[in-house]
Amino acid sequence: MEIALVLILLVVAIILFATEKLSVDVVTILLLIVLVLSGILSPEEAFVGFSSDFIIILASIFVVSGALQETGVLDRIGSSLVKISSKATAGVVATLVMFIAGSVSAFMNNTTVTAIFVGPVIGVAKKLRISPSKLLMPLAFSSILGGTCTLIGTSTNVAVSGYLEKNNLTSIGMFEITPIGIILFLTGIAFMFLVGNKMLPDYKDSTYMEEYSMREYLSEVVVTPGSALAGQRIFNTELSRMDIRILKILRANQVYFPHPDLVIQENDLLLVEAKLDDLIRIKETNGIEIRGDMLSNASLESPEIQLAEVLVTRTDSDLIGNNIKNANFRQRFGLVVIAIHRYGETLREKIHNIDLKLGDLLLVQGTPERLAYLRENHDLTVMGEFKPLLFKQKRGILVVALFVLAVLVGSLTNIPLSVCFLTAAVGSVLTKAISSQKAYEIIDWRLLILIGGMSAFGMAMQKTGASEWLANLIVDWFKPFGNVAILAGFVILTVFLTQPMSNAAAALVILPIALQTATSLQVSPRTFAIGVMLAASVSLVTPFEPSCILVYAPGKYKFADFFKIGSLLTCILVVIIVVLVPYLWPF
């Protein structure tokens, strides 16, 4: 009776997750309530998943990733990826992301790898005008499959190896599974490039603010005295390596247009065109300043100073046909105009000389009070206020060091990984790389509830004997068809159980039964152990795997997106496992 109830709840949960009638955290809590009220789990057992090491690790990763974002480190990584793939298609960029992330994941926890790359990949998508949904699912899949290449690539591999050793069987070698792991990894990349890329959703961010964030602004940049840029040819400077286009140079009442032999001099005024993020990044370049004398690193980091995009919207406004200087814009509104964008045109005049038109978008800087006043003025509409991300180099390097140290200490010592990552998260707050308030806000509590709750559900399957019942059913069904068929049954069952359970938990639930079956069949237990272990790491059917959970919300995915693409890829990977495992580890 209990087995039937647990299996019915599992089916109901999958249906509710798929239809998304209720949020995943609400469904998870309802499942736990039913399990407790039915007496299958005690309250302690139902909520023990929320105190697991993995919950602490994932929450800490959210905080550290947020600190990397706040200090601009992730933006820097994204900029490097953009330079590498600036002219590539979405499929090629996704392939590049998969190869890099998967290669790193072979030697690092796949959830950690996904967390590291989510921010930069979203930045790449925005800069290349690609929907993040085209890149984030490939990122998650590659980090998962990359973990199959070495023993330390995933906690599942380590757990299975430890179980074998405890049961007087040879543990798994560091690179024993590398050949089949590479095949699985490369198969995943090839599938996503040839098939998956066409199936991936294209969820555009339709907000007005997002649309304008990709626009190019005209701004003015001054070469300060003593600048290292002075004396350099215009196309050999750091500006040329940034995504900034120099339209012309104003020097002592003379106008110069860019050409290969033009040398920059001190006090040159450069008219440049750049996207908003690149425009702000100019502040990180020594020897140049954005004209608009309030724009400095100190002011940008102050909570009292904000940037905003404002739109000229009123047809009878006295701003229209007037330039910023003659309209006394700064005196009138208490704001500094540091850039201007006009749809469909490339502006080439000094900002204060440009006559404004209806629909012009101005990037302004000022206090929240002045922006609030601006909202009451019907000549202009505030499209959005924001704080630009500056590259805080010292704090960024410190957060990276804390993160790397956490990985190394957790991997090479007996100190729990949860303690290592929690220390890195607290260190990020103490060094002011991220505020404590922002740290709490950046943690996705809904996802933590999902993981903690579904871990308890896996315990219910094990406690009631539902998982063992399914395993015995597999043996009864497939025994007449031979050993390969039985192995295939265990592989499929493991894939199935990784949906409500963690990968490691599913593998450890099935492993004892699989080893006992191998012994009774008088075949090599290692063949079944490797098959079950790999099966636990290639289950991509639903977004319940932590790496998939991390990209679920940023990619705006639906449950059906993972099911459609992940199911097909998982079937291919299962076939590879069933065919190659008996060949590499004979019965």
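No experiment lies behind these values; they were computed from the predicted model shown.
With rounding to the nearest 0.5 Å, the separation of OG in Ser436 from CG in Leu430 is 10.0 Å. Atom CE of Met137 and atom CE of Met192 lie 6.5 Å apart (nearest 0.5 Å). With values rounded to the nearest 0.5 angstrom, Leu184 atom CG is found 5.5 Å from Ile577 atom CD1. With rounding to the nearest 0.5 angstrom, the OG1 atom of Thr527 is 10.0 Å from the CG atom of Leu584. To the nearest 0.5 angstrom, Leu41 atom CG is 5.0 Å from Leu35 atom CG. If you take OG on Ser567 and CZ on Phe562, they are separated by 11.5 Å, rounding to the nearest 0.5 Å.
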Using residues 93-104 as the side-chain source, report each donor-acceptor pair under 3.5 Å to any protein atom, sequence neighbours left out, with the distance given to one decimal.
{"from": "Thr95", "atom 1": "OG1", "to": "Gly91", "atom 2": "O", "distance (Å)": "2.8"}
{"from": "Ser103", "atom 1": "OG", "to": "Phe99", "atom 2": "O", "distance (Å)": "2.6"}

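Side-chain atoms of Tyr552 do not come within 3.5 Å of backbone N or O of Ser547 as any donor-acceptor pair. Judged by distance alone, the side chain of Arg526 and the main-chain N or O of Thr170 form a donor-acceptor pair under 3.5 Å. For Lys463 (side chain) and Ile40 (main-chain N/O), a donor-acceptor pair under 3.5 Å exists by modelled atom type. When atom types are taken as modelled, the side chain of Asn157 and the backbone of Gly147 share a donor-acceptor pair closer than 3.5 angstrom. In terms of modelled atom types and a separation under 3.5 Å, the side chain of Ser539 and the main chain of Thr498 share no donor-acceptor contact. Remark: the backbone N or O of Asp202 is not paired with any side-chain donor or acceptor of Ser131 at under 3.5 angstrom. Side-chain atoms of Thr570 come within 3.5 Å of backbone atoms of Leu540 as a donor-acceptor pair (strictly under, hydrogens ignored).
For the residue pair Ser537 and Thr148, no side-chain donor N or O sits within less than 3.5 Å of a side-chain acceptor on the partner.
Side-chain contact between Leu169 and Leu515 is present, with at least one heavy-atom pair separated by less than 4.5 Å. Side-chain atoms of Met533 and Thr494, non-hydrogen and from C-beta on, never get closer than 4.5 Å to each other. Counting heavy atoms from C-beta outward, Phe528 and Val581 have side chains that stay 4.5 Å or more apart. Counting heavy atoms from C-beta on, the side chains of Phe141 and Cys548 come closer than 4.5 Å. In this structure the side chain of Leu573 reaches within 4.5 angstrom of the side chain of Leu145, judged on heavy atoms. Taking the side chain as every heavy atom from C-beta outward, Phe421 and Ile56 never approach each other to under 4.5 Å. No side-chain heavy atom of Leu139 sits under 4.5 Å from any side-chain heavy atom of Leu135. Taking the side chain as every heavy atom from C-beta outward, Thr187 and Ile576 approach each other to under 4.5 Å.
Val495 approaches Ala535 most closely through the heavy-atom pair CG2-O, 3.7 Å. Closest non-hydrogen pair, Ser143 versus Thr114, comes out as OG-OG1, 2.7 Å. When every heavy atom of Tyr557 is checked against every heavy atom of Pro132, the shortest pair comes out as OH-O, 3.9 Å. The minimum heavy-atom distance between Val532 and Ala514, with the atom names listed, is CG2-CB, 4.0 Å. Contact record, Ala424 with Leu402: CB-O, 3.8 Å, taken as the closest heavy-atom pair. When every heavy atom of Ala460 is checked against every heavy atom of Val6, the shortest pair comes out as O-CG2, 4.3 Å.
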**Q.** Stepwise side chain to side chain contact (heavy atoms under 4.5 Å, CB included) test for Phe563 and Leu568
**A.** CA-CA 8 Å; Phe563 186 81; Leu568 184 55; over 6 Å; no

Q) For Leu569 and Ile565, what are the C-alpha separation, side-chain angles and deciding distance, and is it a side chain to side chain contact (heavy atoms under 4.5 Å, CB included)? A) CA-CA 6 Å; Leu569 177 55; Ile565 301 172; 5.6 Å; no

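In this structure, the side-chain contact (heavy atoms from CB on, under 4.5 Å) partners of Val34, at least two apart in sequence or on a different chain, are Leu9. Every residue meeting the side chain to side chain donor-acceptor pair (under 3.5 Å) condition with Asp561, not counting sequence neighbours, appears here in chain and number order: Tyr203.
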